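Step one of this worksheet: look at the structure below.
All values reported here derive from a predicted model rather than from experimental measurement. Residue numbering restarts at 1 for every chain, and letters A, B, ... go by the order of the sequence lines. Values reported hereafter were calculated over all heavy atoms of this structure, with side chains retained and with hydrogens, waters and symmetry mates removed.
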Number of protein chains: 2
Amino acid sequence: MGRWAPDARGRLHQAAMELYTEHGYDGTTTADIAERAGLSERTYFRHFADKREVLFDSTDALQTLVLDGIAGADPAAAPLDAAAAGLGDGAALLQSFGQGPRHRAAVVAAHAELRERELAKMATLAQAVAGMLVARGSAEASAALTAETAVAVFRVAFDRWVADPDGPALPDVLAACFAELREVSARGR
Amino acid sequence: MGRWAPDARGRLHQAAMELYTEHGYDGTTTADIAERAGLSERTYFRHFADKREVLFDSTDALQTLVLDGIAGADPAAAPLDAAAAGLGDGAALLQSFGQGPRHRAAVVAAHAELRERELAKMATLAQAVAGMLVARGSAEASAALTAETAVAVFRVAFDRWVADPDGPALPDVLAACFAELREVSARGR
DNA sequence: ACGCTCATGTCAGCGACTGTCATCAGTAGG
DNA sequence: CCTACTGATGACAGTCGCTGACATGAGCGT
(Lines give C-alpha, C1' and ligand atoms only; values in the text may rest on other atoms or scores of the structure.)
Protein backbone atom coordinates (compact mmCIF):
# COMPACT_ATOMS: atom_id res chain seq x y z
CA MET A 1 0.00 0.00 0.00
CA GLY A 2 1.38 3.30 -1.06
CA ARG A 3 1.26 6.47 0.91
CA TRP A 4 -1.52 7.82 -1.23
CA ALA A 5 -4.77 6.37 -2.51
CA PRO A 6 -4.08 4.71 -5.86
CA ASP A 7 -5.10 5.84 -9.34
CA ALA A 8 -5.33 9.57 -8.77
CA ARG A 9 -5.83 10.14 -12.49
CA GLY A 10 -8.71 7.73 -12.60
CA ARG A 11 -10.36 9.34 -9.58
CA LEU A 12 -10.02 12.76 -11.16
CA HIS A 13 -11.55 11.47 -14.39
CA GLN A 14 -14.41 9.90 -12.50
CA ALA A 15 -15.02 13.03 -10.45
CA ALA A 16 -14.96 15.23 -13.53
CA MET A 17 -17.44 13.05 -15.41
CA GLU A 18 -19.80 13.13 -12.43
CA LEU A 19 -19.53 16.85 -11.84
CA TYR A 20 -19.75 17.84 -15.50
CA THR A 21 -22.85 15.68 -15.69
CA GLU A 22 -24.41 16.96 -12.48
CA HIS A 23 -23.62 20.68 -12.65
CA GLY A 24 -22.42 21.16 -16.20
CA TYR A 25 -18.95 22.16 -17.35
CA ASP A 26 -19.39 25.83 -16.46
CA GLY A 27 -20.88 24.99 -13.09
CA THR A 28 -17.85 22.94 -12.12
CA THR A 29 -14.49 24.34 -11.00
CA THR A 30 -11.22 22.49 -11.15
CA ALA A 31 -11.13 22.84 -7.37
CA ASP A 32 -14.46 20.97 -7.20
CA ILE A 33 -13.05 18.12 -9.25
CA ALA A 34 -9.93 17.89 -7.15
CA GLU A 35 -11.92 17.99 -3.93
CA ARG A 36 -14.20 15.14 -5.00
CA ALA A 37 -11.13 13.14 -5.95
CA GLY A 38 -9.61 13.86 -2.55
CA LEU A 39 -6.78 15.96 -3.95
CA SER A 40 -5.76 19.59 -4.13
CA GLU A 41 -6.43 21.73 -7.17
CA ARG A 42 -2.69 22.01 -7.75
CA THR A 43 -2.42 18.26 -8.01
CA TYR A 44 -5.19 18.20 -10.59
CA PHE A 45 -2.96 20.32 -12.82
CA ARG A 46 -0.06 17.97 -12.28
CA HIS A 47 -2.12 15.19 -13.86
CA PHE A 48 -3.97 17.12 -16.56
CA ALA A 49 -2.86 20.12 -18.55
CA ASP A 50 -6.18 21.94 -18.27
CA LYS A 51 -9.83 21.67 -17.27
CA ARG A 52 -10.73 19.89 -20.52
CA GLU A 53 -8.00 17.32 -20.79
CA VAL A 54 -9.37 15.19 -17.96
CA LEU A 55 -12.00 13.84 -20.36
CA PHE A 56 -9.52 12.91 -23.07
CA ASP A 57 -7.21 10.49 -21.36
CA SER A 58 -8.53 7.55 -23.33
CA THR A 59 -7.87 9.00 -26.76
CA ASP A 60 -4.22 8.04 -26.50
CA ALA A 61 -5.15 4.39 -26.20
CA LEU A 62 -7.54 4.73 -29.11
CA GLN A 63 -4.87 6.30 -31.27
CA THR A 64 -2.33 3.63 -30.42
CA LEU A 65 -4.78 0.90 -31.34
CA VAL A 66 -5.69 2.57 -34.63
CA LEU A 67 -2.05 2.99 -35.59
CA ASP A 68 -1.28 -0.61 -34.71
CA GLY A 69 -4.20 -1.68 -36.86
CA ILE A 70 -2.83 0.25 -39.82
CA ALA A 71 0.64 -1.13 -39.28
CA GLY A 72 -0.76 -4.63 -39.24
CA ALA A 73 -2.94 -4.20 -42.31
CA ASP A 74 -2.20 -6.06 -45.53
CA PRO A 75 0.73 -4.20 -47.10
CA ALA A 76 -0.92 -4.60 -50.48
CA ALA A 77 -4.13 -2.91 -49.34
CA ALA A 78 -4.93 0.54 -50.66
CA PRO A 79 -4.13 3.36 -48.19
CA LEU A 80 -7.77 4.18 -47.57
CA ASP A 81 -8.48 0.53 -46.85
CA ALA A 82 -5.59 0.33 -44.44
CA ALA A 83 -6.82 3.44 -42.64
CA ALA A 84 -10.32 2.00 -42.57
CA ALA A 85 -8.98 -1.19 -41.04
CA GLY A 86 -7.14 0.66 -38.29
CA LEU A 87 -10.13 2.85 -37.53
CA GLY A 88 -12.23 -0.31 -37.49
CA ASP A 89 -10.09 -1.59 -34.66
CA GLY A 90 -10.66 1.67 -32.84
CA ALA A 91 -14.38 1.36 -33.43
CA ALA A 92 -14.34 -2.13 -31.94
CA LEU A 93 -12.59 -0.79 -28.85
CA LEU A 94 -15.23 1.88 -28.33
CA GLN A 95 -17.99 -0.64 -28.94
CA SER A 96 -16.53 -2.82 -26.21
CA PHE A 97 -17.09 -0.05 -23.66
CA GLY A 98 -20.85 -0.27 -24.04
CA GLN A 99 -22.68 2.92 -23.16
CA GLY A 100 -19.57 4.60 -21.73
CA PRO A 101 -18.57 6.36 -24.93
CA ARG A 102 -22.12 7.57 -25.45
CA HIS A 103 -22.27 9.07 -21.99
CA ARG A 104 -18.90 10.72 -22.48
CA ALA A 105 -19.98 12.00 -25.90
CA ALA A 106 -23.04 13.59 -24.35
CA VAL A 107 -20.91 15.44 -21.80
CA VAL A 108 -18.51 16.60 -24.50
CA ALA A 109 -21.32 17.68 -26.80
CA ALA A 110 -22.78 19.84 -24.05
CA HIS A 111 -19.97 22.40 -24.11
CA ALA A 112 -18.16 24.16 -26.94
CA GLU A 113 -14.75 24.02 -25.26
CA LEU A 114 -14.98 20.25 -24.96
CA ARG A 115 -16.18 19.88 -28.55
CA GLU A 116 -13.19 21.95 -29.66
CA ARG A 117 -10.81 19.72 -27.79
CA GLU A 118 -12.38 16.63 -29.30
CA LEU A 119 -11.85 18.04 -32.77
CA ALA A 120 -8.24 18.76 -31.90
CA LYS A 121 -7.77 15.17 -30.77
CA MET A 122 -9.27 13.91 -34.01
CA ALA A 123 -6.90 16.19 -35.93
CA THR A 124 -3.98 14.73 -34.04
CA LEU A 125 -5.25 11.26 -34.86
CA ALA A 126 -5.50 12.18 -38.53
CA GLN A 127 -1.93 13.41 -38.54
CA ALA A 128 -0.73 10.22 -36.91
CA VAL A 129 -2.70 8.12 -39.39
CA ALA A 130 -1.11 10.08 -42.22
CA GLY A 131 2.28 9.33 -40.73
CA MET A 132 1.52 5.62 -40.71
CA LEU A 133 0.37 5.74 -44.31
CA VAL A 134 3.63 7.40 -45.27
CA ALA A 135 5.46 4.63 -43.42
CA ARG A 136 3.52 2.18 -45.57
CA GLY A 137 4.75 3.90 -48.71
CA SER A 138 2.20 6.60 -49.48
CA ALA A 139 3.34 10.00 -50.65
CA GLU A 140 3.07 12.70 -47.97
CA ALA A 141 0.44 14.78 -49.73
CA SER A 142 -1.74 11.83 -50.66
CA ALA A 143 -1.42 10.38 -47.17
CA ALA A 144 -2.72 13.59 -45.60
CA LEU A 145 -5.76 13.63 -47.86
CA THR A 146 -6.50 9.97 -47.23
CA ALA A 147 -6.03 10.26 -43.48
CA GLU A 148 -8.14 13.39 -43.10
CA THR A 149 -10.89 11.83 -45.17
CA ALA A 150 -10.81 8.58 -43.24
CA VAL A 151 -10.94 10.32 -39.89
CA ALA A 152 -13.81 12.49 -41.10
CA VAL A 153 -15.69 9.32 -41.98
CA PHE A 154 -14.87 7.94 -38.54
CA ARG A 155 -16.31 11.03 -36.86
CA VAL A 156 -19.48 10.81 -38.91
CA ALA A 157 -19.83 7.14 -38.10
CA PHE A 158 -19.32 7.80 -34.40
CA ASP A 159 -21.94 10.56 -34.43
CA ARG A 160 -24.43 8.28 -36.14
CA TRP A 161 -23.71 5.52 -33.65
CA VAL A 162 -24.19 7.88 -30.73
CA ALA A 163 -27.45 9.18 -32.15
CA ASP A 164 -28.94 5.70 -32.59
CA PRO A 165 -28.48 3.60 -29.46
CA ASP A 166 -30.59 0.80 -30.94
CA GLY A 167 -28.70 0.74 -34.22
CA PRO A 168 -25.89 -1.52 -35.41
CA ALA A 169 -22.52 -1.82 -33.69
CA LEU A 170 -19.99 0.93 -34.32
CA PRO A 171 -17.68 -1.12 -36.54
CA ASP A 172 -20.65 -1.89 -38.77
CA VAL A 173 -21.71 1.74 -38.89
CA LEU A 174 -18.15 2.66 -39.78
CA ALA A 175 -18.00 0.13 -42.59
CA ALA A 176 -21.29 1.44 -43.92
CA CYS A 177 -19.94 4.98 -43.86
CA PHE A 178 -16.85 4.00 -45.81
CA ALA A 179 -19.05 2.26 -48.36
CA GLU A 180 -21.13 5.42 -48.55
CA LEU A 181 -18.01 7.49 -49.08
CA ARG A 182 -17.17 5.42 -52.12
CA GLU A 183 -20.65 5.92 -53.51
CA VAL A 184 -20.73 9.62 -52.81
CA SER A 185 -17.35 10.31 -54.34
CA ALA A 186 -17.93 8.07 -57.34
CA ARG A 187 -20.98 10.01 -58.45
CA GLY A 188 -20.59 12.91 -60.87
CA ARG A 189 -17.99 13.24 -63.62
CA MET B 1 -17.87 62.07 -37.26
CA GLY B 2 -18.92 59.90 -34.41
CA ARG B 3 -17.82 60.29 -30.90
CA TRP B 4 -15.41 57.38 -31.20
CA ALA B 5 -12.83 56.42 -33.78
CA PRO B 6 -14.49 54.17 -36.37
CA ASP B 7 -14.08 50.43 -36.92
CA ALA B 8 -13.12 49.37 -33.42
CA ARG B 9 -13.38 45.71 -34.42
CA GLY B 10 -11.03 46.19 -37.33
CA ARG B 11 -8.53 48.01 -35.13
CA LEU B 12 -8.64 45.23 -32.58
CA HIS B 13 -8.12 42.65 -35.30
CA GLN B 14 -5.17 44.58 -36.70
CA ALA B 15 -3.64 45.05 -33.27
CA ALA B 16 -4.03 41.38 -32.42
CA MET B 17 -2.43 40.23 -35.67
CA GLU B 18 0.53 42.51 -35.05
CA LEU B 19 1.00 41.56 -31.43
CA TYR B 20 0.53 37.83 -31.95
CA THR B 21 3.13 38.10 -34.69
CA GLU B 22 5.56 40.23 -32.70
CA HIS B 23 5.35 38.66 -29.25
CA GLY B 24 3.46 35.44 -29.86
CA TYR B 25 0.04 34.47 -28.57
CA ASP B 26 1.21 33.71 -25.04
CA GLY B 27 3.28 36.87 -24.89
CA THR B 28 0.29 39.03 -25.66
CA THR B 29 -2.46 39.96 -23.19
CA THR B 30 -5.93 41.07 -24.14
CA ALA B 31 -5.11 44.32 -22.38
CA ASP B 32 -2.18 44.78 -24.78
CA ILE B 33 -4.44 44.32 -27.78
CA ALA B 34 -7.01 46.75 -26.45
CA GLU B 35 -4.36 49.33 -25.64
CA ARG B 36 -2.85 49.20 -29.13
CA ALA B 37 -6.34 49.61 -30.56
CA GLY B 38 -6.93 52.59 -28.26
CA LEU B 39 -9.62 50.86 -26.24
CA SER B 40 -10.06 49.36 -22.81
CA GLU B 41 -9.78 45.63 -22.18
CA ARG B 42 -13.44 45.54 -21.24
CA THR B 43 -14.35 46.88 -24.66
CA TYR B 44 -12.30 44.18 -26.33
CA PHE B 45 -14.61 41.62 -24.73
CA ARG B 46 -17.65 43.49 -25.97
CA HIS B 47 -16.46 42.92 -29.54
CA PHE B 48 -14.99 39.43 -29.25
CA ALA B 49 -16.03 36.56 -27.03
CA ASP B 50 -12.48 35.60 -26.08
CA LYS B 51 -8.79 36.07 -26.82
CA ARG B 52 -8.96 33.76 -29.85
CA GLU B 53 -12.05 34.97 -31.60
CA VAL B 54 -10.42 38.21 -32.79
CA LEU B 55 -8.63 36.23 -35.52
CA PHE B 56 -11.79 34.54 -36.79
CA ASP B 57 -14.01 37.40 -37.78
CA SER B 58 -13.61 36.66 -41.46
CA THR B 59 -14.78 33.07 -41.31
CA ASP B 60 -18.39 34.24 -41.24
CA ALA B 61 -17.95 35.89 -44.62
CA LEU B 62 -16.27 32.77 -45.97
CA GLN B 63 -19.09 30.58 -44.76
CA THR B 64 -21.74 32.83 -46.26
CA LEU B 65 -19.99 32.76 -49.61
CA VAL B 66 -19.63 28.98 -49.57
CA LEU B 67 -23.28 28.49 -48.72
CA ASP B 68 -24.36 30.89 -51.45
CA GLY B 69 -22.21 28.96 -53.89
CA ILE B 70 -23.89 25.71 -52.95
CA ALA B 71 -27.32 27.27 -53.19
CA GLY B 72 -26.49 28.55 -56.64
CA ALA B 73 -25.03 25.29 -57.90
CA ASP B 74 -26.75 23.27 -60.62
CA PRO B 75 -29.64 21.52 -58.84
CA ALA B 76 -28.88 18.40 -60.86
CA ALA B 77 -25.28 18.26 -59.64
CA ALA B 78 -24.31 15.54 -57.23
CA PRO B 79 -24.09 16.70 -53.58
CA LEU B 80 -20.32 16.38 -53.46
CA ASP B 81 -20.02 18.44 -56.63
CA ALA B 82 -22.29 21.11 -55.24
CA ALA B 83 -20.23 21.26 -52.04
CA ALA B 84 -17.05 21.40 -54.11
CA ALA B 85 -18.47 24.29 -56.10
CA GLY B 86 -19.33 26.28 -52.99
CA LEU B 87 -15.97 25.60 -51.42
CA GLY B 88 -14.40 26.62 -54.72
CA ASP B 89 -16.03 30.03 -54.33
CA GLY B 90 -14.58 30.23 -50.84
CA ALA B 91 -11.17 29.27 -52.20
CA ALA B 92 -11.40 32.05 -54.76
CA LEU B 93 -12.18 34.53 -52.00
CA LEU B 94 -9.13 33.52 -50.00
CA GLN B 95 -6.99 33.59 -53.14
CA SER B 96 -8.11 37.18 -53.74
CA PHE B 97 -6.59 38.23 -50.43
CA GLY B 98 -3.08 37.44 -51.64
CA GLN B 99 -0.65 36.62 -48.86
CA GLY B 100 -3.06 37.70 -46.11
CA PRO B 101 -4.49 34.23 -45.49
CA ARG B 102 -0.99 32.74 -45.42
CA HIS B 103 0.14 35.22 -42.81
CA ARG B 104 -2.94 34.58 -40.73
CA ALA B 105 -2.49 30.82 -41.11
CA ALA B 106 1.06 31.12 -39.81
CA VAL B 107 -0.14 32.96 -36.71
CA VAL B 108 -2.89 30.40 -36.12
CA ALA B 109 -0.53 27.47 -36.67
CA ALA B 110 1.82 28.84 -34.02
CA HIS B 111 -0.51 28.15 -31.10
CA ALA B 112 -2.61 25.13 -30.16
CA GLU B 113 -5.53 27.20 -28.86
CA LEU B 114 -5.82 28.99 -32.19
CA ARG B 115 -5.55 25.75 -34.15
CA GLU B 116 -8.35 24.34 -32.02
CA ARG B 117 -10.56 27.30 -32.76
CA GLU B 118 -9.86 26.98 -36.48
CA LEU B 119 -10.95 23.35 -36.38
CA ALA B 120 -14.11 24.38 -34.57
CA LYS B 121 -14.85 26.94 -37.28
CA MET B 122 -14.34 24.31 -39.96
CA ALA B 123 -16.70 22.00 -38.10
CA THR B 124 -19.30 24.75 -38.03
CA LEU B 125 -18.79 25.26 -41.74
CA ALA B 126 -19.24 21.54 -42.35
CA GLN B 127 -22.50 21.55 -40.43
CA ALA B 128 -23.75 24.52 -42.42
CA VAL B 129 -22.74 22.85 -45.68
CA ALA B 130 -24.63 19.74 -44.61
CA GLY B 131 -27.66 21.91 -43.96
CA MET B 132 -27.47 23.34 -47.45
CA LEU B 133 -27.18 19.88 -48.95
CA VAL B 134 -30.28 18.81 -47.08
CA ALA B 135 -32.02 21.89 -48.45
CA ARG B 136 -31.02 20.68 -51.92
CA GLY B 137 -32.67 17.34 -51.28
CA SER B 138 -29.99 15.15 -49.73
CA ALA B 139 -30.83 12.86 -46.84
CA GLU B 140 -29.56 14.12 -43.47
CA ALA B 141 -27.12 11.28 -42.87
CA SER B 142 -25.68 11.33 -46.36
CA ALA B 143 -25.41 15.12 -46.29
CA ALA B 144 -23.33 15.02 -43.11
CA LEU B 145 -20.92 12.52 -44.62
CA THR B 146 -20.59 14.48 -47.84
CA ALA B 147 -20.15 17.80 -46.06
CA GLU B 148 -17.56 16.53 -43.59
CA THR B 149 -15.63 14.91 -46.39
CA ALA B 150 -15.75 17.99 -48.59
CA VAL B 151 -14.60 20.28 -45.79
CA ALA B 152 -11.79 17.86 -44.94
CA VAL B 153 -10.66 18.11 -48.56
CA PHE B 154 -10.87 21.89 -48.31
CA ARG B 155 -8.63 21.89 -45.25
CA VAL B 156 -6.08 19.68 -46.93
CA ALA B 157 -6.10 21.89 -50.01
CA PHE B 158 -5.67 25.01 -47.90
CA ASP B 159 -2.74 23.45 -46.03
CA ARG B 160 -1.07 22.49 -49.29
CA TRP B 161 -1.62 25.97 -50.68
CA VAL B 162 -0.14 27.55 -47.57
CA ALA B 163 2.86 25.26 -47.68
CA ASP B 164 3.67 26.06 -51.29
CA PRO B 165 3.63 29.82 -51.92
CA ASP B 166 4.88 29.33 -55.47
CA GLY B 167 2.33 26.67 -56.34
CA PRO B 168 -0.98 26.98 -58.17
CA ALA B 169 -3.90 29.14 -57.03
CA LEU B 170 -6.04 27.83 -54.19
CA PRO B 171 -9.09 27.00 -56.35
CA ASP B 172 -6.85 24.88 -58.55
CA VAL B 173 -5.31 23.12 -55.57
CA LEU B 174 -8.80 22.46 -54.26
CA ALA B 175 -9.96 21.00 -57.56
CA ALA B 176 -6.90 18.79 -57.64
CA CYS B 177 -7.65 17.57 -54.13
CA PHE B 178 -11.22 16.69 -55.03
CA ALA B 179 -9.94 14.78 -58.05
CA GLU B 180 -7.50 13.00 -55.76
CA LEU B 181 -10.32 12.13 -53.38
CA ARG B 182 -12.15 10.37 -56.19
CA GLU B 183 -9.02 8.41 -57.07
CA VAL B 184 -8.23 7.50 -53.49
CA SER B 185 -11.73 6.35 -52.66
CA ALA B 186 -12.18 4.47 -55.93
CA ARG B 187 -9.17 2.24 -55.32
CA GLY B 188 -9.55 -1.07 -53.54
CA ARG B 189 -12.59 -3.37 -53.61
C1' DA C 1 20.20 5.25 10.42
C1' DC C 2 20.71 8.11 6.36
C1' DG C 3 19.57 10.37 2.39
C1' DC C 4 16.99 10.25 -1.83
C1' DT C 5 12.68 10.15 -4.50
C1' DC C 6 8.50 11.79 -5.78
C1' DA C 7 3.54 12.51 -5.34
C1' DT C 8 1.42 15.77 -2.86
C1' DG C 9 0.06 20.25 -0.20
C1' DT C 10 0.35 25.30 0.39
C1' DC C 11 0.69 29.89 -1.10
C1' DA C 12 1.19 33.80 -4.00
C1' DG C 13 0.26 35.67 -8.31
C1' DC C 14 -0.98 36.55 -13.38
C1' DG C 15 -4.20 36.82 -16.89
C1' DA C 16 -8.77 35.61 -19.08
C1' DC C 17 -13.27 36.79 -18.62
C1' DT C 18 -17.77 38.83 -16.38
C1' DG C 19 -21.23 41.72 -13.89
C1' DT C 20 -22.33 46.25 -12.74
C1' DC C 21 -22.51 51.01 -12.77
C1' DA C 22 -21.11 55.50 -14.61
C1' DT C 23 -20.20 58.59 -18.62
C1' DC C 24 -21.41 61.33 -22.35
C1' DA C 25 -21.75 62.48 -27.77
C1' DG C 26 -25.36 62.03 -30.73
C1' DT C 27 -30.26 61.91 -31.86
C1' DA C 28 -35.23 62.20 -31.75
C1' DG C 29 -39.25 64.48 -29.96
C1' DG C 30 -41.61 68.21 -28.10
C1' DC D 1 -33.79 74.98 -27.30
C1' DC D 2 -34.56 71.69 -23.81
C1' DT D 3 -35.10 66.90 -22.58
C1' DA D 4 -35.03 62.09 -22.68
C1' DC D 5 -33.17 58.29 -24.67
C1' DT D 6 -29.55 55.42 -27.01
C1' DG D 7 -25.41 53.05 -27.40
C1' DA D 8 -20.45 52.54 -27.35
C1' DT D 9 -17.29 53.08 -24.02
C1' DG D 10 -14.55 53.32 -19.35
C1' DA D 11 -13.79 51.98 -14.55
C1' DC D 12 -13.74 48.66 -10.99
C1' DA D 13 -14.25 44.59 -8.45
C1' DG D 14 -14.50 39.80 -8.49
C1' DT D 15 -14.19 34.68 -10.03
C1' DC D 16 -11.66 31.15 -11.98
C1' DG D 17 -8.10 28.75 -14.87
C1' DC D 18 -3.48 27.99 -14.53
C1' DT D 19 1.66 28.40 -12.97
C1' DG D 20 5.98 28.87 -10.23
C1' DA D 21 8.21 28.16 -5.95
C1' DC D 22 8.86 25.97 -1.84
C1' DA D 23 7.70 22.64 1.87
C1' DT D 24 6.33 17.91 3.52
C1' DG D 25 6.73 13.23 4.52
C1' DA D 26 6.16 8.02 3.52
C1' DG D 27 8.68 4.70 1.14
C1' DC D 28 12.96 2.79 -0.51
C1' DG D 29 17.68 1.55 -1.19
C1' DT D 30 22.19 1.58 0.92
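- The CZ atom of B:Arg52 sits 8 Å away from the C1' atom of C:dA16 (whole-angstrom rounding).
- A heavy-atom distance below 4.0 Å to DNA chain C is reached by none of the residues of residues 17-27 of chain A.
- Under 4.0 Å is where a charged nitrogen must lie from a carboxylate oxygen, and between B:Glu180 and B:Arg160 at least one such pair does.
- Applying the ring-ring contact (aromatic ring centres under 6.0 Å, His included) test to pairs two or more places apart or on separate chains, those with a residue in residues 76-121 of chain A are A:Tyr25-A:His111.
- Listed by first and then second residue, the ring-ring contact (aromatic ring centres under 6.0 Å, His included) pairs that reach into residues 33-86 of chain B are B:Tyr44-B:Phe48, sequence neighbours excluded.
- Near DNA chain D, meaning a heavy atom under 4.0 Å from it, residues 105-120 of chain A has no residue at all.
- Nucleotide C:dA7 holds its P atom 12 Å from the CZ atom of A:Arg3, rounded to whole Å.
- Spacing between atom CG of B:Asp50 and atom P of D:dG17 amounts to 15 Å, rounded to whole angstrom units.
- As rounded to whole Å, 14 Å separates atom C1' of D:dG10 from atom CG of B:Leu12.
- Take A:Glu22 and apply the salt bridge (charged side-chain N to carboxylate O under 4.0 Å, His left out) test, not counting sequence neighbours, and it matches A:Arg36.
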List the atom pairs, donor and acceptor, that lie under 3.5 Å between side-chain atoms in residues 64-78 of chain A and the rest of the protein, sequence neighbours left out.
unit_1  : atom_1 : unit_2  : atom_2 : d
A:Thr64 : OG1    : A:Asp60 : O      : 3.0
A:Asp74 : OD1    : A:Ala76 : N      : 2.9

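- Listed nucleotides D:dA8, D:dG25, C:dC17 differ in distance to B:Lys51; the shortest reach to its side chain belongs to C:dC17.
- The salt bridge (charged side-chain N to carboxylate O under 4.0 Å, His left out) check on B:Asp57 picks up B:Arg9, with sequence neighbours excluded.
- By the salt bridge (charged side-chain N to carboxylate O under 4.0 Å, His left out) test, A:Lys121 is found to be paired with A:Glu53, residues two or more places apart in sequence or in another chain being considered.
- For residues 160-181 of chain B, the ring-ring contact (aromatic ring centres under 6.0 Å, His included) pairs, not counting sequence neighbours, are B:Phe158-B:Trp161.
- Taking the charged nitrogens against the carboxylate oxygens, B:Glu116 and A:Arg115 have no contact shorter than 4.0 Å, which rules out a salt bridge.
- A sub-4.0 Å separation between OP1 or OP2 of D:dC16 and a side-chain N or O of A:Thr29 is absent.
- Here C:dG26 presents its P atom at 9 Å from CH2 of B:Trp4, a figure rounded to the nearest Å.
- Applying the ring-ring contact (aromatic ring centres under 6.0 Å, His included) test to every pair with at least one member in residues 125-151 of chain A, sequence neighbours left out, gives no pairs at all.
- Against DNA chain C, the stretch residues 31-48 of chain A makes heavy-atom approaches under 4.0 Å through A:Gly38, A:Leu39, A:Ser40, A:Arg42, A:Thr43, A:Arg46, A:His47.
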Result block: side-chain N/O donor-acceptor pairs under 3.5 angstrom for residues 145-157 of chain B, not counting sequence neighbours:
unit_1   : atom_1 : unit_2   : atom_2 : d
B:Thr146 : OG1    : B:Ser142 : O      : 2.9
B:Glu148 : OE1    : A:Arg155 : NH2    : 2.9
B:Thr149 : OG1    : B:Leu145 : O      : 2.7
B:Arg155 : NH2    : A:Glu148 : OE1    : 2.9

